[in-house]
Undergrad: 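Sharing a structure, written as structure tokens. Questions coming.
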Number of protein chains: 4
Amino acid sequence: MVTGSSKPQQRRGDTRQRIQDVTLELIAEQGYEKTSLREISERLGVTKAALYYHFKTKEDIVVSLFTDLMRPIDDVIAWAAEQPPTLEAKLEILGHYSSALSDAAPLFRFMQENQATMRELSIGENFKERMTSLLDHLLPEDVTLTDRVRCFSALFSMHAGMFVLRDVEGDPEEKRKAILEVASDLVTRAHHS
Amino acid sequence: MVTGSSKPQQRRGDTRQRIQDVTLELIAEQGYEKTSLREISERLGVTKAALYYHFKTKEDIVVSLFTDLMRPIDDVIAWAAEQPPTLEAKLEILGHYSSALSDAAPLFRFMQENQATMRELSIGENFKERMTSLLDHLLPEDVTLTDRVRCFSALFSMHAGMFVLRDVEGDPEEKRKAILEVASDLVTRAHHS
Amino acid sequence: MVTGSSKPQQRRGDTRQRIQDVTLELIAEQGYEKTSLREISERLGVTKAALYYHFKTKEDIVVSLFTDLMRPIDDVIAWAAEQPPTLEAKLEILGHYSSALSDAAPLFRFMQENQATMRELSIGENFKERMTSLLDHLLPEDVTLTDRVRCFSALFSMHAGMFVLRDVEGDPEEKRKAILEVASDLVTRAHHS
Amino acid sequence: MVTGSSKPQQRRGDTRQRIQDVTLELIAEQGYEKTSLREISERLGVTKAALYYHFKTKEDIVVSLFTDLMRPIDDVIAWAAEQPPTLEAKLEILGHYSSALSDAAPLFRFMQENQATMRELSIGENFKERMTSLLDHLLPEDVTLTDRVRCFSALFSMHAGMFVLRDVEGDPEEKRKAILEVASDLVTRAHHS
DNA sequence: GATGAATGAGCGTTCATTCAT
DNA sequence: GATGAATGAACGCTCATTCAT
């Protein structure tokens, strides 16, 4: 089976996809404002104008990235909304959320490190709502301020954990489990208090 | 005799300070790259060129901000380095760190939300080292991966907590205490395991 | 169908060339540093940004000018390198060099009058080497200091002659011949001593 | 006799002179436009504003330099104007001119390398007139174009010679004599033809 | 499905100059 | 005899965006 004849034969039809890939790569590394369309197009071997064939604006590229990569996470959140308020359910939510996060790691690295930009990308708001919704399903009834902090701390640690532990030696999957364990602890404590 | 009666009376001699203030305000709100020197100077009622009398570059303004506002935090970290590895000492460290943080809140908001920029501001590295140093003094001996996560999670929650809880109703000081409590819990758990 | 009827009919496709032309004109007249991109672009009826579509930097425009206009002169120098060290050959070299120079007159006017700038344009060095190489082929064996002065004086007079004689009345071609004669004299004297 | 007590005691009263010295140094090296008042004042250890106490404008500094350093050369030219049109007198003129030039070498290096700037410094014109006047006294009666070239070539070589021969090994005084010899030759030839 | 050519707005920075003190 | 503080104008350059082809 033959995939293509030679180099100049750029895999066709997937340019849109490749723009998204390269963009995610670059903005995760340098941030949104420091990543220019020139840079993206050069790394892709096309002209800047080509980007405008596939996307309406620079912001649009990033928004599309989010829409695509956030879906699995949205699914978890939507599913979470239907779970009963038992501890078991909460821990299961955390487990699924953790898995979904580790797939979307570069996206979250970008979000984590460019919150100022996120706020103006019209997409931050959506995300904040989703977080609030997810948080609600982790909170116990009659929540104290301290327990609220425990739960947000659990979520937050999951978001940030992967990047922070990057230069600690060890298997990524083990790290993920350690983070999940701490998060579960926090939510459990909140549930019992 | 009263020096400052009204607006047009430009308090002289404090321009350098005012540049720093306005800059912190703006970059905390919009991020570093989106804050232009034009904006800063306009809000101050001077020309862009005036900024260059007081600072060598845009980066220099921000670096000076850090150097100034980070000192109290550095002091806590330096003091922490001399404490014995007892649980009591660790909890005291957390307490002092929490206070220091709440004074430098705008600075930390900026850092939190512009991590991508921080990395290129030559000042991020310093900060990372300081965090690592502080973390080391919170960790138990023979630390497990999970306990390491607990401690970083404690620090991280303190950094982020104030902003995240901003739209929860309640007294800021109470919020700070709740965050401190959760952080203390995490460090205590790590210490005993 | 006629392509160029009047002004607003911007001849397209030749913008790059026109930038070079206008730039040479302006820097020959005012020098490199005093010629701004604004001035160039205004005279061309385009924006400054348009210049950056065709050239990477201001320096790049000038370097491209040199690369293009120096070629004929380089050719003479390369050809000179293959000639035998006879007087006849030397005089022939001078003749060809003189012709090549008069074609590139504006370029040499710029070089002559902006030597300080040339030194930092990374292109001056190249030129110096070429001059040294050409000079070597004019020098007799066992050269005395005086004869070395004669030969450089011959070259130098050819470079500067055209501009200096500008406000002496007379046919340019006659002037060129007069200059060539003096240069030939100098080289002949050096050869025989 | 004691001139000063220690370092911080800047030799007083000579600031004006020191500004001129530093300025000549810098513009000879970098050219007029690339030399900023900031640079001059920094190298002197004073503020930019101090320069304005001593001189009205940047141009004024350079003009004053010329007025001062050109005097010996003007003297030679004035003296030349009174000499008879004999060959002996002409050769004597050349000799004196050569000496005067070697004293004012840095000035001439600047003039040589910044002709574009000179033209706008209102001082170039004066110089051109002086050159024309000097040239007139070297030309024979009933001058041919070729002889005119010989004489300007003689002058020109004297101006440029010192810089061009800089990287030829040998005693500067010997170089000067070699240049003078060639110039004398040229003028002699013109005189006899 | 993409390019070539260009634009308008803005950026950080530097400059010569001014003037009250 | 000099400084501290500031200005206005300009500079080289980059950016996201447009549009005819």
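What you are looking at is a predicted structure, and each value in this text was computed from that prediction instead of being measured. Each chain gets a letter, A, B and so on, in the order the sequences are listed, and its residues count up from 1.
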Undergrad: Has B/His54 got a side-chain N or O lying under 4.0 Å from the OP1 or OP2 atom of F/dG4?
TA: no
Undergrad: Could you check which of E/dC19, E/dT17, F/dG8 has an atom nearest any side-chain atom of D/Leu37?
TA: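 Nearest listed nucleotide: E/dT17.
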Undergrad: Please determine whether a side-chain nitrogen or oxygen atom of B/Ser36 lies at a distance below 4.0 Å from atom OP1 or OP2 of E/dC11.
TA: yes
Undergrad: Mark yes or no for whether A/Arg119, through its side chain, and B/Glu29, through its backbone, hold a donor-acceptor pair below 3.5 Å.
TA: yes
Undergrad: For C/Glu120 and C/Thr117, indicate whether the former's side chain and the latter's backbone hold a donor-acceptor pair under 3.5 Å.
TA: no
Undergrad: Let me know the distance between CZ of B/Phe55 and C1' of E/dG12, rounded to the nearest Å.
TA: 16 Å
Undergrad: Rounded to whole angstroms, how far apart are CG on D/Leu51 and P on E/dT18?
TA: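 Roughly 13 Å, once rounded to whole Å.
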Undergrad: NA contact type, C/Thr35, heavy-atom cut-off 4.0 Å: base, sugar-phosphate, or nothing?
TA: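 Sugar-phosphate, no base atom in range.
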Undergrad: Searching all strands shown, indicate the nucleotide that pairs with E/dT3 (Watson-Crick or G-U wobble; both distances under 3.5 Å).
TA: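 E/dT3 is paired with F/dA20.
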Undergrad: Counting heavy atoms from C-beta on, name the nucleotide in F/dA16, E/dA16, E/dT13 closest to the side chain of A/Lys48.
TA: F/dA16
Undergrad: Whole-Å distance between E/dA2 P and A/Leu44 CG?
TA: 10 Å
Undergrad: Distance check: side-chain N/O of D/Tyr52 vs OP1/OP2 of E/dT17, anything under 4.0 Å?
TA: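 It does, given that an N or O in the side chain of D/Tyr52 lies less than 4.0 Å from OP1 or OP2 of E/dT17.
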Undergrad: Could you tell me the separation between the NZ atom of D/Lys34 and the C1' atom of E/dT14, rounded to a whole number of Å?
TA: 13 Å
Undergrad: Measure from the side-chain heavy atoms of B/Ala50 and tell me the nearest of E/dG4, F/dT7, E/dT17.
TA: F/dT7
Undergrad: Mind calculating the distance between CD (C/Glu42) and P (E/dG8) to the nearest angstrom?
TA: 13 Å
Undergrad: Between A/Tyr32 and A/Lys58, is there a cation-pi geometry (under 6.0 Å to ring centre, at most 45° from the normal)?
TA: yes
Undergrad: Starting from C1' on F/dC15, measure out to CD on A/Glu59 and report it in whole angstrom.
TA: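 Result: 15 Å.
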Undergrad: Ignoring the backbone of A/Lys58, work out which of F/dA16, F/dA9, F/dC13 is nearest its side chain.
TA: F/dA16
Undergrad: Examine E/dA2: is either OP1 or OP2 under 4.0 Å from a nitrogen or oxygen in the side chain of A/Tyr53? Give yes or no.
TA: no
Undergrad: With a 4.0 Å limit, can you tell me whether B/Thr15 has a side-chain N or O closer than that to the phosphate oxygens OP1/OP2 of F/dA5?
TA: no
Undergrad: Nearest whole Å is fine: how far is F/dA2 P from D/Asp14 CG?
TA: 9 Å
Undergrad: Determine whether a donor-acceptor pair (N or O, by modelled atom type, separation under 3.5 Å) exists between the side chain of C/Gln30 and the backbone of C/Ile27.
TA: no
Undergrad: So, the side chain of B/Glu113 versus the backbone of B/Phe110: is there a donor-acceptor pair under 3.5 Å, distance only?
TA: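 It does not hold such a pair.
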Undergrad: For the pair made of CD1 in A/Ile19 and P in F/dA16, what is the distance, rounded to whole Å?
TA: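 Going from CD1 in A/Ile19 over to P in F/dA16 covers 14 Å.
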Undergrad: Below 4.0 angstrom from OP1 or OP2 of E/dC11, is there any side-chain N or O of B/Arg38?
TA: yes
